[in-house]
Colleague: 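After the structure tokens below, expect a handful of questions from me.
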Amino acid sequence: MANSQTIKSARERFEATHGFWNSDLGNLLELDPRYFESYDRLLQVTNTRGFLTPVQRELICISVNAQVTYLNSTATEHHIRQAIHAGASTAQIAETIQLAASLGTHSMLVGMPVAHEVFQELGVAATVSEDPADGYCRELKAKFIRNRKYWSESWDTVLAYSPEYFEAYLELSSIPWERGPLDEFMKELIYIAIDVATTHLFVPGIRTHVKKAIEYGASPDQVVDVMTLASNIGIHTTLLGASTLAEEMGR
């Protein structure tokens with residue numbers, strides 16, 4: 001265990017660099033100062049590289065922590081505060097959480113193609129085509145491509161079985177693209193962040209949105225830094241564990 005001066009100095013450096021402190025960090029520092037110092041270094045990687053602005057970094061962190069496969073309310077609250085402190089607007093933060101909420105549709109994008117294969121085995125499958133015979137479905141597909149600027153084969157299956165869902169989701173997911181303040185490349189970086197989070201790892205989405213981000217003007221370095229920020233949620237294991245251990249030892 002490090003002496004009190006070492007711990008005090010480590011805390012002061014962290015606060016000076018990041019502008020915040022909390023009890024979880026204090027418990028981790030007390031438990032293992034060397035690990036804490038290495039954690040601090042990891043947190044500073046994207047700051048040092050400088051390919052994302054402070055606002056962009058915080059919006060990415062909000063999306064990763066707020067998305068449905070993680071839902072870390074403490075970290076989400078923290079990064080919303082940090083985003084505001086960095087200069088983010090209410091509209092930018094609102095759009096970020098709207099974009100992150102779109103992850104829920106992956107139940108359909110992954111589930112429907114699998115269900116379609118089973119339906120085919122049982123002889124009850126609908127016809128799935130990249131060129132729908134139904135005019136209503138053709139119109140919905142064209143609208144999706146206009147609004148969202150991409151398409152994937154999985155959407156053909158969803159559209160064939162439930163145009164009702166497809167239309168409702170299209171309306172909801174298009175709202176940030178129609179009126180949101182974030183640049184198009186930033187929207188795609190947020191999609192990358194939620195797809196690459198270790199609690200989700202949706203490979204088709206990562207491929208699609210990396211491609212779109214680059215097409216919209218993002219750099220490979222920005223994509224790498226988004227993935228770096230997303231990877232940092234692993235540290236929450238030690239933050240939670242250190243605080244729980246400190247509480248138990250205090251008893």
Side-chain angles (χ1 to χ4, degrees), residues 38-39 41-80 82-83 86 88 92-93 95-111 113-114 148-155 158 169 173 176-177 180 182-240:
S38 295
Y39 167 49
R41 180 182 178 184
L42 180 64
L43 281 184
Q44 293 187 51
V45 169
T46 55
N47 306 42
T48 302
R49 281 166 55 84
F51 295 107
L52 297 172
T53 69
V55 167
Q56 289 170 342
R57 290 198 299 268
E58 292 303 329
L59 295 180
I60 292 299
C61 290
I62 290 169
S63 66
V64 171
N65 286 282
Q67 52 90 6
V68 71
T69 69
Y70 193 47
L71 292 178
N72 187 321
S73 60
T74 300
T76 299
E77 292 169 6
H78 165 73
H79 287 293
I80 286 176
Q82 291 295 99
Q92 287 175 315
I93 295 172
E95 183 182 354
T96 296
I97 56 180
Q98 289 172 356
L99 290 164
S102 65
L103 184 147
T105 199
H106 293 169
S107 294
M108 297 294 280
L109 288 178
V110 175
V114 174
R148 299 295 308 282
K149 309 296 191 300
Y150 85 98
W151 187 259
S152 68
E153 292 182 2
S154 296
W155 282 120
V158 175
Y169 173 74
S173 65
W177 289 87
L182 298 178
D183 291 330
E184 291 176 324
F185 81 88
M186 187 61 194
K187 299 178 200 288
E188 294 296 339
L189 292 181
I190 289 170
Y191 285 144
I192 293 169
I194 63 175
D195 283 346
V196 81
T198 51
T199 53
H200 190 45
L201 295 176
F202 184 56
V203 175
I206 297 169
R207 291 183 182 277
T208 294
H209 296 298
V210 166
K211 181 175 184 293
K212 295 305 299 180
I214 298 300
E215 290 175 350
Y216 283 135
S219 69
D221 284 314
Q222 288 176 315
V223 172
V224 170
D225 280 3
V226 166
M227 295 182 180
T228 301
L229 289 169
S231 75
N232 286 343
I233 65 172
I235 200 67
H236 293 161
T237 298
T238 52
L239 290 172
L240 174 63

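Numbers here simply count residues along the sequence, with the first being 1. Note that the structure is predicted; figures quoted are calculated from it, not measured.
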Colleague: Yes or no on side-chain contact (heavy atoms from CB on, under 4.5 Å) for His106 and His200, after CA distance, side-chain angles and deciding distance?
Modeller: CA-CA 10 Å; His106 293 169; His200 190 45; 2.7 Å; yes
Colleague: Taking side chain as C-beta onward, heavy atoms only, is Val64 less than 4.5 Å from Ile194?
Modeller: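 Contact flag for Val64/Ile194 side chains = no.
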Colleague: Let me know which of His79, Gln82, His78 forms a side chain to side chain donor-acceptor pair (under 3.5 Å) with Glu58.
Modeller: His79
Colleague: Tell me if a side-chain donor or acceptor on Lys212 pairs with a main-chain N or O of Lys149 at a distance below 3.5 Å.
Modeller: yes
Colleague: Would a 4.5 Å heavy-atom cut-off, applied to side chains only, mark Val226 and Leu229 as touching?
Modeller: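 When only atoms from C-beta onward are counted, Leu229 and Val226 do not touch, as no gap falls below 4.5 Å.
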Colleague: Output the distance between atom OG1 (Thr74) and atom NE2 (His236), rounded to the nearest 0.5 Å.
Modeller: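 Separation between the atoms: 9.0 Å.
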Colleague: Within the structure provided, determine whether Leu103 and Thr69 are in side-chain contact (heavy-atom separation under 4.5 Å).
Modeller: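 SC-SC contact between Leu103 and Thr69 confirmed.
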Colleague: Between Tyr191 and Trp177, what is the ring plane arrangement, given parallel below 30°, perpendicular above 60°, and tilted in between?
Modeller: parallel
Colleague: Is there a donor in the side chain of Tyr169 and an acceptor in the side chain of Trp155, or the other way round, less than 3.5 Å apart?
Modeller: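 Trp155 and Tyr169 do not have a side-chain donor-acceptor pair below 3.5 Å.
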Colleague: Any chance you could measure Asn47, atom CG, to Asp225, atom CG, to the nearest 0.5 Å?
Modeller: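 One finds 9.0 Å between CG of Asn47 and CG of Asp225.
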Colleague: Taking Glu188 for its side chain and Tyr216 for its backbone only, find out whether a donor-acceptor pair lies under 3.5 Å.
Modeller: no
Colleague: Are any side-chain N or O atoms of Gln67 and backbone N or O atoms of Ala100, one a donor and one an acceptor, separated by less than 3.5 Å?
Modeller: no
Colleague: I want to check something: taking the side chain as every heavy atom from C-beta on, are Glu95 and Lys187 in contact at a cut-off of under 4.5 Å?
Modeller: yes
Colleague: Check whether any side-chain heavy atom of Tyr39 lies under 4.5 Å from a side-chain heavy atom of Leu239, and answer yes or no.
Modeller: yes
